[in-house]
K.L.:
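Before anything else, here's the structure in question.
Computed over heavy atoms, backbone and side chain alike; hydrogens, waters and symmetry mates excluded. Per chain, numbering begins at 1; letters A, B, ... match sequence-line order.
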There are 2 protein chains.
Amino acid sequence: MEKLLQHIKINVNEKLYLKDPDSSELGRSIIANSITLIDEIGFEAFTFKKLGQRIDSPESSIYRYFESKHKILLYLTTWYWSWLEYKLVFSIANINSNEEKLEKAIEVLTEPVKEDSDFLYIDEITLSRIAVQESIKTYYTKEVDAEQREGLFVVYESLVQRVSDIVLAINPKFEYPHMLISTVIEGARHQQYFSEHLPSLTDKKKNVKDVSQFFKRIVFSTIGA
Amino acid sequence: MEKLLQHIKINVNEKLYLKDPDSSELGRSIIANSITLIDEIGFEAFTFKKLGQRIDSPESSIYRYFESKHKILLYLTTWYWSWLEYKLVFSIANINSNEEKLEKAIEVLTEPVKEDSDFLYIDEITLSRIAVQESIKTYYTKEVDAEQREGLFVVYESLVQRVSDIVLAINPKFEYPHMLISTVIEGARHQQYFSEHLPSLTDKKKNVKDVSQFFKRIVFSTIGA
DNA sequence: CTAAAATAAAAGTAAAACTATTATATTTGA
DNA sequence: TCAAATATAATAGTTTTACTTTTATTTTAG
């Protein structure tokens, strides 16, 4: 994928933070170091205290930006889904064939991120590793219903909707477009995780685009294109 | 499904507990009440203290059976996967057609459990709800590699292997049997969860076997049977 | 009937996830 | 430019979680 626009800014739902972390040096440092720290020690072991030590600020200062570590994870994954949606829209622009659009879309949704291209203080490669390992924890919680009502998952929902629309353009009679696409998005991340931690649950070989191939095959055979 | 054998006992890997909970009244009470308590308040809010209050025993007594609440969840989900595997083997016994076997297998893996039939003190309906909501948390942890090496996920792995073998019997050239079946197992639970909490990610209607239908379609179109 | 094993009762600890208070910088707008 | 507002730092405190430890009492098995 070619280099994208340098001056684009991704906006994240205001309900996710108390003060916009993109508006100050400290805020951007909180985001950048949350990404590396969660990647290093995992979300369970991640605390505001440890983050504060790393950025040399007290935890109370971090609490002025985010009300909990759960909200930071939601912020990061929302940013990630927005960024994927942006890459997706970009990658299918000016393509006329719906089949080709769908194929490109599946590639964006399933291929591991290997380049940190576009945003100053956010390391997209590390962030995408967090998405693989931790994003599931944003909505497998007791607060999911309240947060869904607040609209905290709309980016994810619109990503699914966008690709479902392409599926429906190819086969308007297909009954399960949302199931299919959410299965692809979740499934791709699971398979990447399995290939690293529970290899007998997958068939992925090293450095090959197996996951992408597999989901392309699933999607196109299932919708009958 | 007909009523199964009353005197069958499901054995869970010894490494999951310090003392076999099936061997005492207190132990069985720990299991039975863990299931209802996790179902009521969710795994994050579940503590040994609250469980102790419910069964009127100190938390230190619970610690003599399980070293952590994570191990209880692993115990419960392992029991659940063993039980599903048992139902699976039962449901395909004496069927000759591999296609029919695969269809039955997908039904067992994807249809919600609606009957508590076979085991004295374990409520399978509630346990299957826990499997939908919490089972993902057993392996999305920093300890996953160590626990995989200890063999704590073998039941899950053998369930995937068993169904993958049926897939390969139908199409020996299919390259992704494990990916396909782990996608079905995980996907079915996700779709059940989405239908309750994030409905725009699914197309499931109430009380209909949509999830099962969808995954049958995926599997059979993908392997080309 | 006794000794070993299991359970109960009680207390204690370190860390997590916050909240609150006060002090010191820094910014900004009159 | 200077005072007021705002942001950050420094420090301390609270409640809960996830355990561990110790001692007493009860149960069970030979």
Side-chain angles (χ1 to χ4, degrees), chain A residues 14-34 37-38 40-76 121 134 137-138 140-143 146-147, chain B residues 14-34 37-38 40-76 121 134 137-138 140-143 146-147:
Chain A
E14 292 185 359
K15 288 177 182 159
L16 288 174
Y17 49 76
L18 300 169
K19 175 180 172 162
D20 186 357
D22 203 41
S23 70
S24 76
E25 202 50 58
L26 179 62
R28 288 186 290 271
S29 171
I30 288 170
I31 296 304
N33 288 282
S34 292
L37 188 53
I38 291 173
E40 284 168 30
I41 65 178
F43 183 65
E44 274 65 40
F46 169 81
T47 69
F48 280 11
K49 188 164 198 182
K50 288 174 191 163
L51 177 60
Q53 278 158 1
R54 178 167 294 213
I55 64 176
D56 217 46
S57 282
E59 30 174 357
S60 52
S61 295
I62 303 167
Y63 276 105
R64 298 187 58 258
Y65 286 83
F66 290 99
E67 67 185 62
S68 65
K69 69 178 194 168
H70 174 248
K71 285 284 166 69
I72 287 198
L73 185 61
L74 254 180
Y75 181 96
L76 295 178
Y121 62 94
E134 319 287 0
K137 296 168 189 170
T138 57
Y140 272 85
T141 68
K142 275 283 153 178
E143 295 75 38
E147 293 183 344
Chain B
E14 292 186 359
K15 288 178 183 159
L16 288 174
Y17 49 75
L18 300 169
K19 177 182 170 161
D20 186 357
D22 203 41
S23 71
S24 75
E25 203 51 57
L26 179 63
R28 288 185 291 270
S29 172
I30 287 170
I31 295 305
N33 288 281
S34 292
L37 188 55
I38 291 173
E40 284 168 31
I41 65 178
F43 183 66
E44 273 66 41
F46 169 81
T47 68
F48 280 12
K49 187 163 198 182
K50 289 174 191 163
L51 177 60
Q53 279 156 0
R54 176 167 295 213
I55 64 176
D56 217 45
S57 282
E59 29 174 359
S60 53
S61 295
I62 303 166
Y63 275 104
R64 297 188 58 259
Y65 286 83
F66 291 99
E67 68 184 63
S68 66
K69 69 176 194 169
H70 174 247
K71 284 285 166 69
I72 287 199
L73 185 62
L74 254 180
Y75 181 96
L76 295 178
Y121 62 93
E134 319 286 2
K137 297 168 190 171
T138 55
Y140 271 86
T141 68
K142 275 283 154 177
E143 294 76 36
E147 293 183 344

K.L.:
Return no unless some side-chain N or O of A:T47 is found under 4.0 Å from OP1 or OP2 of C:dA17.
P.N.:
no

K.L.:
Under 3.5 Å, is there a donor on one side chain and an acceptor on the other for B:S34 and B:Y75?
P.N.:
no

K.L.:
Looking at D:dT17, I'd like to know if its phosphate oxygens (OP1 or OP2) sit under 4.0 Å from a side-chain N or O belonging to B:K50.
P.N.:
yes

K.L.:
What's the CG-P distance between A:L26 and C:dT27, to the nearest Å?
P.N.:
13 Å

K.L.:
Specify the separation, in whole Å, of atom CD of A:E44 and atom C1' of C:dA17.
P.N.:
14 Å

K.L.:
B:F48 has an atom CZ; how far is it from atom C1' of C:dA9, in whole Å?
P.N.:
19 Å

K.L.:
How many Å lie between CG on B:D56 and P on C:dA8, as a whole number?
P.N.:
8 Å

K.L.:
Ignoring backbone atoms, test whether B:S57 places a side-chain nitrogen or oxygen under 4.0 Å from the OP1 or OP2 oxygen of C:dA8.
P.N.:
yes

K.L.:
Give the rounded distance in Å between these two atoms: CD of B:E59 and P of C:dG12.
P.N.:
15 Å

K.L.:
Between B:K69 and D:dA18, is there a side-chain N or O to OP1/OP2 distance below 4.0 Å?
P.N.:
yes

K.L.:
Among C:dA17, D:dT8, C:dA20, which nucleotide sits nearest the side chain of A:S60?
P.N.:
C:dA20

K.L.:
With a cut-off of less than 4.0 Å, is there a side-chain N or O of B:S61 near OP1 or OP2 of C:dA8?
P.N.:
yes

K.L.:
Of the listed nucleotides (D:dT20, D:dA10, D:dT8), which one gets closest to any side-chain atom of B:Y63?
P.N.:
D:dT20

K.L.:
On a heavy-atom basis, which atom in B:L18 and which in B:E67 lie closest, and how many Å separate them?
P.N.:
CD1-N, 3.8 Å

K.L.:
Parallel, tilted or perpendicular: which fits the ring planes of A:F46 and A:F43, with parallel below 30° and perpendicular above 60°?
P.N.:
parallel

K.L.:
Measure from the side chain of B:R64, starting at C-beta and using heavy atoms only, and say which of D:dC19, D:dA18, C:dA6 lies closest.
P.N.:
C:dA6

K.L.:
C:dC18 phosphate, OP1 or OP2: any side-chain N/O from A:K71 under 4.0 angstrom?
P.N.:
no

K.L.:
Report yes or no: is there a donor-acceptor pair, N or O only, under 3.5 Å between the side chain of A:E67 and the base of C:dC18?
P.N.:
no

K.L.:
Quickly work out the A:E25 CD to C:dT26 C1' distance and round it to whole Å.
P.N.:
14 Å

K.L.:
How close do B:G27 and B:S24 get, heavy atom to heavy atom, and via which atoms?
P.N.:
N-OG, 2.9 Å

K.L.:
Atom CZ of A:F46 to atom C1' of C:dA15: distance rounded to whole Å?
P.N.:
16 Å

K.L.:
Using a strict 4.0 Å threshold on nitrogen-to-oxygen distance, state whether A:E40 and A:K50 make a salt bridge.
P.N.:
no

K.L.:
Quick one: B:I41 CD1 to D:dT17 C1', roughly how many Å, whole number?
P.N.:
12 Å

K.L.:
Report yes if at least one side-chain N or O of A:K19 is closer than 4.0 Å to OP1 or OP2 of D:dA7; otherwise report no.
P.N.:
yes

K.L.:
Picking from C:dC18, C:dT7, C:dA9, which would you name as closest to the side chain of B:Y65?
P.N.:
C:dT7

K.L.:
Does B:S23 place a side-chain N or O at less than 4.0 Å from the phosphate oxygens OP1/OP2 of C:dA6?
P.N.:
no

K.L.:
Between D:dA9, D:dA18, C:dA9, which nucleotide gets closest to the side-chain atoms of B:P58?
P.N.:
C:dA9

K.L.:
Is the number of heavy atoms from other residues, nucleotides or ligands under 6.0 Å of B:K49 NZ greater than 12?
P.N.:
no

